[in-house]
Colleague: 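For reference, the structure I am asking about is given below.
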Amino acid sequence: MVYFINDIITGALIGLLYSLVAMGFVVIYRASKVFNFAQGELVIIGGFIVWFTTMQAGLSLWLSIPLSLVLAGLVGYAIERIFLTKLIGESVFSMVMVTVGLLILLRGLVLLVFGPAVRPFPIIFPLKPLFLGDMLIPMNLLMGGIITIVAAVGLSWFFNRTRSGLRMTAVAEDHVVASSMGISVKGSIAFAWVLGAILSTIGAMIFLSGKSLTFLASDIGFAALPVALFAGLESIGGLILAGVIIGIAQSLTTNYLDPLIGGSLGSVVPYIIMLAILLIRPTGLFGWRTIERV
Amino acid sequence: MDPSGIFPTSYRSDRRIIRTRWQVLALVLFMALLLLAPYLVSGRIIAILNMMMISAVIAVGLQICTGYAGQINLGQAAFMGVGAYTASILASKTGLTFLLTIPLAGLSAALFGFLFGLTAARIKGFYLALTTIAAQFLFHFAVLNLPSTWMGGSNGITVPPAELFGLRFVGETAQFYMNFAVTAIMVAGAFGIVRSRFGRAFVAVRDDDVAAGIMGINVAATKANAFLIGAFYAGVGGALWAYLIRFVGVDQFTLFHSIFFVAMIIVGGMGSIVGALVGVFIIRIIQEIIATVGPNIADSVSFLGGDIVFAGMNVVLGGVIALFMILEPKGLMHRWNIMKSSYRIWPFPY
């Protein structure tokens with residue numbers, strides 16, 4: 001029973017990590033109407049920035065973490081400036097295809113610059129797990145879960161209550177209408193990408209803390225994708241619930257079902273849940289139901 | 001656009017694919033050159049041509065699904081994989097002739113694609129595109145986790161050579177003719193599909209699905225059909241691939257390969273069968289150049305090892321996709337048509 005509860009708690013915490021990465025998808029979507037396929041690559045670039053500032057440049061954690069976040073923000077801004085600003089007013093299809101191009105472009109660049117070597121990642125959160133009676137909770141996931149919830153509440157408030165957040169929501173609704181109402185579409189998209197890159201870097205810190213770093217870590221982007229769709233692409237608060245559900249389902253499948261069938265069903269369970277929920281509620285749990293007019 | 005003086009006088013002549021005598025001549029010359037290619041060029045080029053023709057079948061399918069029906073499909077490599085696995089299992093276990101395995105491979109891939117297209121009844125837009133990524137992951141899961149006696153697991157399957165009346169299609173030249181025949185049929189079929197009732201329904205749904213629905217088109221069925229046809233082409237291409245490589249493994253059908261196919265239709269031009277062929281030609285040439293140059297660079301920058309070809313391909317193709325989307329989102333065919341019509345009406349601007 002203790003193991004069962006432990007699995008549930010660990011699963012929920014992993015799910016919260018997925019939520020944090022998925023928050024990158026949602027923030028970019030909420031402020032620019034672009035679905036960013038390259039989210040996992042942003043995570044890996046964030047990871048390499050953190051590795052560079054700590055392991056390579058030898059800065060202390062207190063200095064390197066803020067510096068990494070600033071650098072990641074700059075990378076996000078650069079990507080937006082180079083690739084997406086020029087596409088404002090083009091079809092959403094073009095913008096999404098550019099992010100598909102970015103996905104393989106960034107993957108290739110990371111490979112060319114850093115190579116396939118395995119690198120140690122700095123220990124950002126204490127390695128010693130938290131013992132709760134017989135239960136054992138990884139510290140990085142626990143801290144990560146708290147960060148995720150704080151970030152979700154904060155961003156949710158920002159997008160739904162503040163003036164600038166609502167402006168960005170208007171951009172996500174329609175670029176042309178938003179800009180004709182005097183909202184800076186450029187500024188909104190730039191902000192989204194900076195924020196998306198920063199969230200990805202935080203995700204990388206939680207995910208990789210004390211582990212090793214290779215270009216394959218970007219797979220977390222595709223692990224987080226079902227969470228974003230399950231919650232609905234517009235809802236930041238909903239990510240928490242969606243992440244917890246998917247994380248628990250995945251953890252239970254991996255620990256109890258996989259030994260029975262002798263496979264890794266756990267890795268596809270999020271996708272199966274996502275497909276099922278999309279068939280019942282096409283916009284996810286908390287997504288906007290848009291009414292289309294011709 | 002037709003040359004001056006050519007006016008279609010009936011619906012039939014308006015639907016014609018080959019419209020002028022010069023086009024007939026060009027087509028005949030092109031086919032003849034391709035057929036004689038094994039006598040004209042070296043084996044290396046024939047190998048490249050084989051690759052191009054197989055990619056052409058798959059890219060044309062993607063063109064119908066994405067370019068004509070507007071359904072973003074990032075699972076084309078998975079559909080191709082389903083076809084390749086079906087063909088190789090049928091060929092190695094039951095010994096069926098390739099005349100049957102290739103269509104059956106297409107059908108099984110079509111069924112798999114249709115399943116994901118069916119979600120179109122409920123899911124719209126990007127949500128639908130994202131379910132195709134799920135197809136990619138489910139395919140990998142199925143191959144790697146089903147009992148390895150079924151699909152070979154991570155070891156892959158070795159495929160026996162294609163055989164017809166005791167004639168074995170071994171070697172690049174023999175396979176060239178087999179690929180040529182299948183590709184010609186599939187591409188001709190694609191021209192037929194896109195100007196048929198279904199093809200026009202695809203275009204209507206792509207341009208505005210709500211308006212198409214009001215006009216009486218069954219939007220969900222049309223989208224599912226688009227996936228069905230696209231996946232059928234991918235399955236046939238996958239079967240050809242299996243016979244060419246004589247080995248299938250799950251690593252040959254990843255998300256990255258799907259994106260390479262997307263790159264092909266973006267470069268060639270969305271919504272044009274010829275564009276898909278042009279895109280295949282250009283992307284495959286780029287791949288060949290990288291595959292030839294890459295190892296030489298790898299020798300001088302040794303820490304990358306064998307990954308440089310893959311990495312270089314990703315950088316170049318990712319850059320190409322982004323560049324085309326920014327500069328010429330309609331692709332090379334559009335640019336070519338603009339050039340043609342401005343040449344024709346010169347010196348007038350329009």
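Quick note: numbers below take in every heavy atom, side chains included, and nothing from hydrogens, waters or symmetry partners.
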Colleague: Quick check: closest heavy atoms across A:Met97 and B:Val262, and the distance to 0.1 Å?
Modeller: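 Closest pair (atom of A:Met97, atom of B:Val262, distance): SD-CG1, 3.7 Å.
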
Colleague: Give, as side chain, backbone, both or neither, the part of A:Val96 having an atom under 4.5 angstrom from any heavy atom of chain B.
Modeller: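 Only the side chain of A:Val96 comes within 4.5 Å of chain B.
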
Colleague: List the atom of A:Leu225, the atom of B:Ile133, and the distance in Å for their closest heavy-atom pair.
Modeller: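 Result for this residue pair: CD2-CG2, 4.1 Å.
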
Colleague: Heavy-atom distances under 4.5 Å only: say whether A:Phe35 touches chain B with side chain, backbone, both or neither.
Modeller: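 Just its side chain gets close to chain B.
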
Colleague: In terms of heavy-atom proximity below 4.5 Å to chain A, should B:Leu323 be classed as side chain, backbone, both, or neither?
Modeller: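 Neither part.
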
Colleague: Tell me the closest heavy-atom pair linking B:Ile326 and A:Lys86, and the distance in Å.
Modeller: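 Smallest interatomic distance, heavy atoms only, reads CG2-CD, 3.7 Å.
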
Colleague: Side chain from CB out, backbone as N, CA, C, O: work out which of these in B:Leu144 comes under 4.5 Å of a heavy atom of chain A, or both, or neither.
Modeller: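 Answer is neither: B:Leu144 stays 4.5 Å or more from chain A.
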
Colleague: Give me the atom names and distance for the closest heavy-atom approach of B:Ala134 to A:Met274.
Modeller: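 Distance-wise, the nearest heavy atoms are CB-CE, 4.1 Å.
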
Colleague: Quick one: what part of A:Leu275 sits under 4.5 Å from any heavy atom of chain B, side chain, backbone, both or neither?
Modeller: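 For A:Leu275, the contact with chain B is made by the side chain alone.
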
Colleague: For the atom pair CG (A:Leu84) and CE (B:Met325), what is the distance rounded to the nearest 0.5 Å?
Modeller: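 Here the rounded value is 12.0 Å.
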
Colleague: For a quick test of reading the model, state the closest non-hydrogen atom pair linking B:Val315 to A:Leu109 and the distance between them.
Modeller: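 For B:Val315 and A:Leu109, the tightest heavy-atom pair comes out as CG2-N, 3.4 Å.
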
Colleague: Assess whether atom CZ of B:Phe281 is packed by more than 12 heavy atoms of other residues, nucleotides or ligands within 6.0 Å.
Modeller: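 No.
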
Colleague: If you define the side chain from C-beta out and look only at heavy atoms, does anything of B:Ile72 sit under 4.5 Å from A:Val100?
Modeller: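 No. Closest side-chain heavy atoms not under 4.5 Å.
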
Colleague: Would you mind listing every salt bridge (Lys or Arg N to Asp or Glu O under 4.0 Å) that reaches into residues 131-143 of chain B, with sequence neighbours excluded?
Modeller: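 Residue pairs with at least one partner in residues 131-143 of chain B: there are none.
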
Colleague: Are there more than 12 heavy atoms of other residues, nucleotides or ligands under 6.0 Å from atom CD of B:Glu328?
Modeller: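 More than 12 heavy atoms, drawn from other residues, nucleotides or ligands, come within 6.0 Å of this atom.
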
Colleague: Measuring heavy-atom distances to chain A, does B:Phe324 have an atom under 4.5 Å in its side chain, in its backbone, in both, or in neither?
Modeller: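 B:Phe324 has no heavy atom closer than 4.5 Å to chain A.
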
Colleague: Side chain, backbone, both or neither: which part of B:Ser258 has an atom under 4.5 Å from a heavy atom of chain A?
Modeller: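 Nothing of B:Ser258, per the 4.5 Å heavy-atom cut-off to chain A.
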
Colleague: Go through the atoms of B:Leu74 and report whether side chain, backbone, both or neither lie under 4.5 Å from a heavy atom of chain A.
Modeller: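 Contact with chain A involves the side chain of B:Leu74 alone.
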
Colleague: Decide yes or no for B:Leu138 and A:Ile272: does some side-chain heavy atom of the first lie under 4.5 Å from some side-chain heavy atom of the second?
Modeller: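 Sidechains of A:Ile272 and B:Leu138: in contact.
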
Colleague: Parallel, tilted or perpendicular: which fits the ring planes of A:Tyr271 and B:Phe137, with parallel below 30° and perpendicular above 60°?
Modeller: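 Rings of A:Tyr271 and B:Phe137: parallel, as their planes differ by under 30°.
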
Colleague: Of all heavy-atom pairs between B:Ala311 and A:Leu111, which one has the smallest distance, and what is that distance?
Modeller: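 Minimum heavy-atom contact is CB-CB, 3.6 Å.
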
Colleague: Is chain A contacted by the side chain of B:Met270, its backbone, both, or neither, given a heavy-atom distance below 4.5 Å?
Modeller: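 Looking at B:Met270, just its side chain touches chain A.
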
